[in-house]
Amino acid sequence: MELIETRSLSKRFGQHIAVDGVNLSIKEGVCTALLGPNGAGKTTTLNLLTGLITPSTGTIEFDQSYQGDRRQYIGYLPQYPKFYEWMTGEEFVIFAGELAGLTSKQAKQRTKEMLDLVGLNDNSKKKIAGYSGGMKQRLGIAQALVHEPKLVILDEPVSALDPLGRKEVLEMMKRLKEHTSILFSTHVLHDAEQVSDDIFIMKDGKVVIEGSLTHLQNTYQKPTFFIEAEDKLEGWVETIKGQDWIDQYSLDGKNLTLTVDNVEEARKRILKDPMFQELEIYKFEVAKTSLEDLFMKVTES
Ligand SMILES: Nc1ncnc2c1ncn2[C@@H]1O[C@H](COP(=O)(O)OP(=O)(O)O)[C@@H](O)[C@H]1O
Ligand SMILES: [Mg+2]
C-alpha cells in the first residue's frame with residue numbers, strides 16, 4: 001500500500017463541512033502537493049493527517065510496516081509557525097529533537113545534519129530574532145525533520161515569503177525530496193509545478209483533480225485553436241466533429257475552441273477544408289492551454 005491512504009475523509013465544524021469525502025493516496029519517496037484556493041480545506045486535511053484533529057467520518061490508514069502512534073513517522077510545519085526568538089537556530093532544533101524523544105546526544109547530532117541540509121549551518125549560532133522569513137521557514141523544516149520522520153508535512157511553506165525567500169525554500173525542498181517524502185499545501189500552482197510529483201487539487205473540501213504532474217501536463221497542456229467567424233460555425237463543426245485529429249471542442253455560436261493532439265496536422269486539416277475556406281474568419285489563433293487555465297477553471301466559484 002501507499003504511505004498514507006484516506007477513505008472518504010470528512011471534517012465538519014458545526015454546520016460547515018471543511019473536508020468532504022476526500023480520498024488521498026500519498027506515496028513514499030515523492031513530493032505531493034495539496035493545491036487549492038483559500039478555504040479549500042487544505043489545512044484541515046493536513047491537521048487530520050497529523051492527528052491534531054479527528055475526522056468526523058472516514059478513515060486514515062498508514063502503511064502497516066509503520067506500527068504504533070503515527071505521529072512518530074510524521075514531521076510537521078504549521079502554516080503559521082511560532083519560534084522562541086531568543087533561542088539560536090541550533091538550540092531550537094535540539095529542543096524540538098528532545099521533545100520528539102531523542103537523547104540529547106542524538107538531538108545534537110541530528111540538529112547538525114538537519115541545519116546542514118536546510119543550509120543554516122553558518123547561522124546556527126545566531127538568535128532566531130535575526131533570521132529572515134526564508135531562514136525561519138527553513139528552520140521550521142529542520143525542526144520538522146529532526147526525528148527522521150517518514151513523511152514531512154508542510155502547510156503553505158512558501159506563501160508568506162518574498163520572491164527570494166520562496167526560491168530559497170523551494171530549492172531546499174527539491175534537495176529534501178532525495179531524503180524524505182514530502183506533503184505540502186499551497187494556493188499557488190507555480191509552486192506545485194516546481195517541486196511536486198503528485199498533485200491533488202482541492203475546492204470546497206473536495207478533491208476535484210488529481211494525478212502526477214506529468215499526467216496533468218500531458219492531459220491538460222494541449223495545443224488549442226481559437227477560431228472566430230462572421231457566420232455561425234455550427235454547420236462546419238458538424239462536418240468535422242468526431243474526426244480523430246480533434247481532441248475536444250467547444251462551440252459558442254461564432255466562437256470555436258478546438259483542442260488537438262498534433263498542431264501541424266490540425267492546421268492543415270482546417271486550412272485545406274473547402275468548407276472552412278468559405279467562412280469569413282475574424283480570428284484564427286493557436287495557443288497552448290496551461291495548467292493555469294485548468295486551475296482557474298476548476299477553482300473559480
Ligand atoms: N476550527 C474551525 N472551526 C470552524 N471552521 C473552520 C475551522 N477550521 C477551518 N474552518 C473552515 O473550514 C474551511 C477550510 O479551511 P482550511 O482547511 O483552513 O482551508 P485552507 O487551508 O485550504 O485555506 C474554511 O471555510 C474555514 O473557514
Ligand atoms: Mg490553510
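Remember, it's 1-based here, ligands and their atoms both numbered in the order they're listed. Residue numbers count from 1 along this sequence.
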Out of all atoms in ligand 1, which are within 4.0 Å of some heavy atom of [X]? Include the element for each.
{"X": "Thr44", "result": "9 (C), 15 (O), 16 (P), 17 (O)"}
{"X": "Ala40", "result": "19 (O), 20 (P), 22 (O)"}
{"X": "Pro37", "result": "22 (O)"}

How far apart are the C-alpha atoms of Leu9 and Ile60, what are their side-chain angles, what is the distance that settles it, and do they pass the side chain to side chain contact (heavy atoms under 4.5 Å, CB included) test? CA-CA 7 Å; Leu9 188 63; Ile60 303 170; 3.7 Å; yes

Would you mind checking if [Y] and [X] are paired as a salt bridge, meaning a charged N to carboxylate O distance below 4.0 Å?
{"X": "Glu265", "Y": "Lys268", "value": "no"}
{"X": "Asp197", "Y": "Lys27", "value": "no"}
{"X": "Glu238", "Y": "Lys241", "value": "yes"}

May I have the step-by-step check of side chain to side chain contact (heavy atoms under 4.5 Å, CB included) for Asp231 and Leu279, ending in yes or no? CA-CA 7 Å; Asp231 336 276; Leu279 296 167; 3.7 Å; yes

N/O to N/O below 3.5 Å, does that happen between [X] and ligand 1?
{"X": "Asn38", "answer": "no"}
{"X": "Gly41", "answer": "yes"}
{"X": "Thr43", "answer": "yes"}
{"X": "Thr45", "answer": "no"}
{"X": "Phe13", "answer": "no"}

Any idea how Phe276 and Trp236 line up, ring-wise: parallel (<30°), tilted (30 to 60°), or perpendicular (>60°)? tilted

Over 60° means perpendicular and under 30° means parallel, so tell me whether Tyr66 and Phe62 are parallel, tilted or perpendicular.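 It falls in the perpendicular class, over 60°.
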
Got an N, O or S from Gln79 under 2.8 Å of the Mg ion (ligand 2)?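 Yes, Gln79 qualifies, because one of its backbone or side-chain N, O or S atoms lies under 2.8 Å.
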
2.8 Å cut-off met by an N, O or S atom of Thr43 to the Mg ion (ligand 2): yes

Look at atom 26 (C) of ligand 1 and say whether a protein heavy atom is found at less than 4.0 angstrom from it. no

Output yes when a protein non-hydrogen atom is found under 4.0 Å of atom 22 (O) of ligand 1, and no otherwise.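 Looking at atom 22 (O) of ligand 1, one finds that a protein heavy atom does lie closer than 4.0 Å.
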
Quick one: do Leu49 and Thr6 satisfy side chain to side chain contact (heavy atoms under 4.5 Å, CB included)? Show the steps, please. CA-CA 9 Å; Leu49 296 179; Thr6 75; 3.7 Å; yes

Begin with the C-alpha distance, continue with both residues' side-chain angles, and end with the deciding distance and a verdict on side-chain hydrogen bond (donor to acceptor under 3.5 Å, both in side chains) for His147 and Gln72. CA-CA 8 Å; His147 59 299; Gln72 64 187 302; over 6 Å; no

Under a 4.0 Å heavy-atom limit, does His16 contact ligand 1 with its side chain, its backbone, both, or neither? side chain

Does atom NZ of Lys177 have more than 12 heavy-atom neighbours from other groups under 6.0 Å away?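 Yes, because the 6.0 Å sphere around NZ of Lys177 holds more than 12 heavy atoms from other groups.
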
Return the closest protein heavy atom for atom 14 (C) of ligand 1 as residue, atom name and distance. Gly39 O, 3.4 Å

Nearest non-hydrogen protein atom, atom 12 (O) of ligand 1: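 The closest one turns out to be Ala18 CB, 3.2 Å.
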
